[in-house]
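A short write-up of the structure that comes next.
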2 protein chains.
Amino acid sequence: MGSAERKERQRAELREQILRVARDMVMKEGFGALSMRKLADAVEYAPATLYLHFENRDAIARELCVRGFQELLAVLEPAAACEEPVERLSRLADAYVTFGLKQPETYRLVFMEDPKLSADLFQDKQEGAGPKSFAVLVRAFESLKAQGLTLDATTPVRLAEVFWAGLHGIVSLKLTCSGFQGAPAEALTQTLVASMVHGTKPAKAARRTR
Amino acid sequence: MGSAERKERQRAELREQILRVARDMVMKEGFGALSMRKLADAVEYAPATLYLHFENRDAIARELCVRGFQELLAVLEPAAACEEPVERLSRLADAYVTFGLKQPETYRLVFMEDPKLSADLFQDKQEGAGPKSFAVLVRAFESLKAQGLTLDATTPVRLAEVFWAGLHGIVSLKLTCSGFQGAPAEALTQTLVASMVHGTKPAKAARRTR
DNA sequence: GCAATAAATGAACGGTGTTCACAGAACGGT
DNA sequence: ACCGTTCTGTGAACACCGTTCATTTATTGC
């Protein structure tokens with residue numbers, strides 16, 4: 001009688017295998033080079049079979065997006081554990097940028113490809129990796145604000161949005177317009193951190209800027 | 001015999017027409033929807049004819065890129081004329097972001113599509129719109145630094161790079177992850193400006209943050 | 001073993017960028 | 001006015017692409 005469950009399991013397993021192979025292809029050659037036919041070839045099924053498990057190519061991309069974002073969240077979380085607020089922000093920034101540069105194609109897929117793919121990522125305020133990651137940043141700025149290290153008139157949420165934009169800008173310009181910024185990404189990152197930490201004693205953050 | 005020149009002129013004119021139509025198609029439906037066949041249809045030639053004027057599709061894209069960047073430079077230049085440094089930075093930021101949001105597909109093509117397309121844009125330090133635009137930002141930060149309104153240990157070039165990254169982050173996140181940032185782009189922009197203007201009296205910039 | 005259900009597929013449709021042998025027009029020289 | 005060259009333009013083909021659907025194959029419950 002357990003055969004129904006077994007079939008279910010096999011189904012899920014194939015689905016998973018498809019996603020694994022798709023992920024590999026994306027990481028190696030980018031999302032643009034992910035074709036249903038090559039993917040089918042790689043998992044040794046006919047192309048049409050993929051459509052028994054995914055509505056279409058975009059559905060696969062969406063799934064890879066949420067997983068990619070989960071990976072990002074996973075590298076942010078250790079950095080978020082740091083107590084000292086400025087240091088925490090700095091580590092979060094480093095973790096974010098490092099992730100983007102180490103996994104350029106994943107980063108592209110999640111943040112730079114198609115609005116249709118990224119749209120869902122920021123819904124589901126409780127569970128999704130998007131809101132969770134963002135919340136980590138907001139908390140960092142709340143800690144900074146508590147120590148009077150942020151712009152007075154600006155909320156932590158707003159600061160987090162701008163900070164994220166800065167990080168995303170650094171990563172995505174490196175990925176797309178590599179010849180643009182002269183400075184290495186870590187230097188830019190720390191300048192960004194220093195820029196967003198206002199107030200009495202930015203000495204520590206400023207020193208890392210050089 | 002002026003006929004050689006006339007042919008040259010006709011050739012250039014057709015090339016121009018192809019680019020005009022291509023630009024329209026990109027602005028309306030995005031670069032992804034620009035197909036050589038549809039383009040050939042629109043200019044009423046056979047697809048193969050396009051290859052007499054452009055090496056391939058990417059060559060057309062590259063040309064559109066440099067023109068798109070020229071348009072951006074054209075909206076930055078008026079803002080750069082402002083005397084007061086903080087106000088100048090603020091206007092530059094607004095101009096940049098407004099351009100990106102008003103011409104999303106052009107912006108995507110220039111800054112978010114393919115490194116191969118954007119690579120050239122930042123070479124040619126004298127003539128290119130890329131370096132020229134960047135220089136405008138650097139000058140703005142030089143003015144700020146002269147008034148002691150920037151991070152001490154950081155060069156104007158570095159600050160300009162980070163600032164550009166911030167602007168690019170704001171625009172590109174709006175374009176790709178629309179549901180992400182709650183605040184409108186202008187608000188984010190002004191917070192970014194306020195963040196990068198350090199020193200004695202950021203009151204003016206800070207007020208615009210709200 | 002048989003009927004029913006699920007999984008997998010081959011072939012097709014309409015689309016893409018690109019190439020190339022070929023046709024046609026325009027030209028310069030005689 | 002003719003001819004050979006040179007440039008412009010094209011139709012047909014190649015090799016891909018995502019997606020659909022009727023059909024076949026395998027698996028299940030009885």
Side-chain angles (χ1 to χ4, degrees), chain A residues 1-19 21-26 28-65 105 109 113-114 116-117, chain B residues 1-19 21-26 28-65 105 108-109 113-117:
Chain A
M1 251 331 116
S3 73
E5 304 155 23
R6 190 201 50 189
K7 272 179 70 171
E8 180 79 17
R9 217 179 333 118
Q10 282 179 342
R11 217 186 125 78
E13 200 174 310
L14 175 51
R15 199 188 132 95
E16 209 57 37
Q17 194 204 342
I18 293 171
L19 284 170
V21 174
R23 197 187 98 110
D24 287 354
M25 293 177 64
V26 166
K28 238 180 280 177
E29 318 175 67
F31 174 62
L34 173 68
S35 98
M36 297 298 271
R37 295 173 127 102
K38 286 195 301 184
L39 179 53
D41 250 25
V43 294
E44 300 183 287
Y45 280 91
T49 303
L50 300 180
Y51 292 85
L52 300 179
H53 297 266
F54 298 93
E55 192 197 337
N56 52 30
R57 184 172 173 262
D58 277 5
I60 297 177
R62 273 195 301 274
E63 185 78 43
L64 293 179
C65 268
E105 297 301 346
L109 176 60
E113 209 67 48
D114 193 324
K116 285 184 313 213
L117 305 180
Chain B
M1 280 316 120
S3 73
E5 305 155 22
R6 190 202 51 190
K7 272 179 70 171
E8 179 79 15
R9 217 180 332 118
Q10 281 179 345
R11 217 185 124 77
E13 200 174 310
L14 175 52
R15 200 188 131 94
E16 210 56 38
Q17 193 203 342
I18 293 172
L19 284 170
V21 174
R23 197 187 98 109
D24 287 353
M25 292 175 66
V26 167
K28 237 181 281 177
E29 318 174 68
F31 174 61
L34 173 68
S35 98
M36 297 300 270
R37 295 173 127 100
K38 286 194 298 183
L39 180 52
D41 251 26
V43 295
E44 299 184 288
Y45 280 92
T49 303
L50 300 181
Y51 291 86
L52 300 178
H53 298 267
F54 298 93
E55 194 196 337
N56 52 31
R57 190 175 104 111
D58 277 5
I60 297 178
R62 273 196 301 273
E63 184 79 41
L64 293 180
C65 269
E105 297 301 347
R108 276 196 98 88
L109 176 60
E113 209 67 46
D114 192 324
K116 286 183 312 210
L117 306 180

Go through D:dT19, C:dA7, D:dT8 for me and flag the one nearest to the A:Asn56 side chain.
-> D:dT19
Minimum-distance nucleotide (side-chain atoms of A:Thr49 versus D:dT19, C:dA8, C:dG17) = C:dA8
What is the nucleic acid contact for B:Leu34, judged by heavy atoms within less than 4.0 Å: base, sugar-phosphate only, or nothing?
-> sugar-phosphate
Under 4.0 Å protein heavy-atom contacts per nucleotide of nucleotides 22-27 of chain D, with B for base, S for backbone only and - for none = ------
Would you mind telling me which of A:Val26, A:Asp24, A:Val21, A:Leu19 makes a side-chain contact (heavy atoms from CB on, under 4.5 Å) with A:Leu39?
-> A:Val21
Who pairs with C:dT30 - Watson-Crick or G-U, where each distance is under 3.5 Å | D:dA1
Minimum side-chain heavy-atom gap B:Leu117-B:Leu64 below 4.5 Å | no
Minimal non-hydrogen separation, B:Ala33 against B:Lys38, with atom names = O-NZ, 2.9 Å
Nucleotide nearest A:Ser35 when distance is taken to its side chain, options D:dG9, D:dC17, C:dT9 | D:dC17
Return the value, rounded to whole Å, for the distance between atom CZ of B:Arg57 and atom P of C:dT16.
-> 10 Å
Between D:dT20 (C1') and A:Tyr51 (OH): distance, integer Å | 9 Å
Could you check which residues of residues 36-47 of chain B get a heavy atom under 4.0 Å from DNA chain D? Sort them by number, please.
-> B:Arg37, B:Tyr45, B:Ala46
Drop me the distance from B:Arg23's CZ to B:Glu105's CD, to the nearest 0.5 angstrom.
-> 13.0 Å
Does B:Gln10 CD have over 12 foreign heavy atoms under 6.0 Å away?
-> yes
Figure out the CG/P separation between A:Leu14 and C:dA7, and round it to whole Å.
-> 10 Å
Quick one: B:Ile60 CD1 to C:dT16 P, roughly how many Å, whole number?
-> 14 Å
Please collect all side chain to side chain donor-acceptor pair (under 3.5 Å) contacts where either partner lies in residues 51-63 of chain A, sequence neighbours excluded, each pair once.
-> A:Arg15-A:Glu63, A:Glu63-A:Arg67
Whole-Å gap separating P (C:dG17) and CG (B:Asp114) | 15 Å
Closest listed nucleotide, where the reference is the side chain of B:His53 and the choices are D:dG9, D:dT19, D:dT10 | D:dG9
When rounded to the nearest 0.5 angstrom, what is the spacing between CZ in B:Arg11 and CD in B:Glu16?
-> 13.0 Å
With side chains defined as the heavy atoms from C-beta onward, is the minimum distance between A:Leu52 and A:Leu14 less than 4.5 Å?
-> no
Check every atom of D:dT8, C:dT9, D:dG9 against the side chain of B:Arg11 and return the nucleotide holding the closest atom.
-> D:dT8
Sugar-phosphate only, base, or nothing, as touched by A:Leu50 at under 4.0 Å among non-hydrogen atoms = nothing
Which atoms form the tightest heavy-atom contact between A:Pro47 and A:Arg37, and what is the distance?
-> CG-CG, 4.3 Å
Contact nearer the 5' end of DNA chain D, comparing A:Asp58 with B:Leu52 | B:Leu52
Mind calculating the distance between CD1 (A:Ile18) and C1' (D:dG18) to the nearest angstrom?
-> 15 Å
For the atom pair OG1 (B:Thr49) and CE (B:Met36), what is the distance rounded to the nearest 0.5 Å?
-> 10.5 Å
To the nearest angstrom, the CD-P distance between B:Glu8 and D:dT6 comes to 18 Å
